[in-house]
Amino acid sequence: MFLSVFEMFKVGIGPSSSHTMGPMVAAARFLDRLRAAPFAAAGLRGSLHGSLAFTGVGHATDRATILGLAGFEPESYDAEAAEAALAEIEATGMVHPEGLAPLKFSPRTDLRFDYDRNLPGHANGMILMATDAQGDVILQEIYYSVGGGFVLTEDELASGNDKDHGPAVPYPFKSAAEMLEMAEASGLSIAEMKRRNELSRRPAAELDAGLLRISEVMMNCLDRGLEGGGILPGGLNVKRRAGNIHEQLQAERGRNLTAPHVINDWMSCYAMAVNEENAAGGQVVTAPTNGAAGVVPAVLRYWLDFVPGATPSRIPEFLLTAAAIGGLVKYNASISGAEAGCQAEVGSASAMAAAGLCAVLGGTPAQIENAAEIALEHHLGMTCDPVKGLVQVPCIERNGLGAIKAVSAASLSLRGDGTHLVSLDACIETMRQTGRDMGHEYKETSLGGLAVNVPNC
């Protein structure tokens, strides 16, 4: 099993990796199919199903799909160009993707939210179609946005193409038990094994440059969030708070009477800054998803800002360790809120952050595995119930608490020798089973929980 660090950490846009980035990626893939087709299409249509329909407006799924069909992609997204394109599409009923003739596409009539029909492969399903001049469908594809910006066609999902089929890697652990066995046999850390796996697929210079970019985008996003203010879009009138909290914390620095627990406010502030940026549609890094994007950078920034001996040169070790844990969760369970609730998003992120922090604090592989297990275990059963389908309430604060749990988990694990009763593998399997048994109302549909008990107008 191999999931690259650049699959777990992807540069994209808010507010959702599965509901915004995924549909945009799917649309881009459909355009590629159309470019390779032997016939010329005249128009496009699409439908959104399951969670993509129920919370699509709040997650800007329609907007992302429209822009994707116009040729936009998450990593190269240009906000100003996107606004201009949306206005033109609305006015003309046409899209102009590169390499294709202009295509008829009127968002109001050609993109449908289907609340009645769930597609069988995953809760996040969509159908994209190309039509001829008479409006008859000449090409159709079903896509599933399976979390974290990962997109699979119906055939890929059925044939198991969500698993790695590339060249063999030197340390192909697919469970935490295998990871620990390989670490002990090789004498390597989890980060070192992960790095050697990455180097079997790409040059060292490319790996190092990619890790640097991931960390820079994370920190830039956090900094923008600390400077931001005003009201978040979407209609809930949620006020951005990270900047104000950060100003208060900076003013209190150096005071002799500051309580020790205030460090939790710093971690929450960092995480909230990222997720406020995400909610505003800014550039973020999936970690492993957009809805949970604040946890890993918050813990990383906490370490850099407050822990003696922290140095940026060890950021790759943090990220590689975190990615190794995230890969295990995705491979054996899920990182999708629509599939397994928020335990799969913030829970996974907290486990990843705990592992990364434990590693740079000198933890052994056994202690790192223990840290990840503690963090994930105490998110088990967490539902995904965003009010009004927006990645705001309870999502933003939830990232702050996920970061605090991650730091506590790493600290607790370092107080022991790595032996513990519940293994990370058992915890991941429990999360998978819990997600399977959880009612769909609590899996990013906004049909239960806080989403129906908090006025959302």
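D417 meets the salt bridge (charged side-chain N to carboxylate O under 4.0 Å, His left out) test with no other residue; sequence neighbours excluded. Contacts of T153 classified as side-chain contact (heavy atoms from CB on, under 4.5 Å), with partners at least two apart in sequence or in another chain: R29, E141, Y143, D155, E156.
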Donor-acceptor contacts under 3.5 Å from residues 295-302 side chains, at least two apart:
{"from": "R301", "atom 1": "NE", "to": "D305", "atom 2": "OD2", "distance (Å)": "3.2"}
{"from": "R301", "atom 1": "NH1", "to": "D223", "atom 2": "OD1", "distance (Å)": "3.3"}
{"from": "R301", "atom 1": "NH2", "to": "D223", "atom 2": "OD1", "distance (Å)": "2.7"}

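Around atom OH of Y442, no more than 12 heavy atoms belonging to other residues, nucleotides or ligands sit under 6.0 Å away. For R117, the CZ atom sits in a loose shell: 12 or fewer heavy atoms of surrounding residues, nucleotides or ligands are nearer than 6.0 Å.
Comment: E429 engages R432 in a salt bridge, judged by a side-chain N to carboxylate O separation of less than 4.0 angstrom. Using a 4.0 Å cut-off between charged nitrogen and carboxylate oxygen, E277 and R240 count as a salt-bridge pair. The pair K194-E198 counts as a salt bridge, with a side-chain nitrogen and a carboxylate oxygen less than 4.0 angstrom apart.
Within the 3.5 Å criterion, the main-chain N or O of P233 finds a donor-acceptor partner in the side chain of Q392. Proximity of a side-chain donor or acceptor of K388 to a complementary backbone N or O of G58 within less than 3.5 Å is not detected.
Geometrically, K443 does not engage F54 in a cation-pi contact defined by less than 6.0 Å to the ring centre and at most 45° from the axis.
In the model, E345 has a side-chain atom that pairs as donor or acceptor with a side-chain atom of T289 under 3.5 Å.
Residues I368 and S413 have side chains not in contact (no heavy-atom distance under 4.5 Å, counting atoms from C-beta outward). Looking at heavy atoms from C-beta onward, E7 lies in side-chain contact with S4 at the 4.5 angstrom threshold. Two residues are said to be in side-chain contact when any heavy atoms from C-beta on lie closer than 4.5 Å; H246 and W266 meet this criterion.
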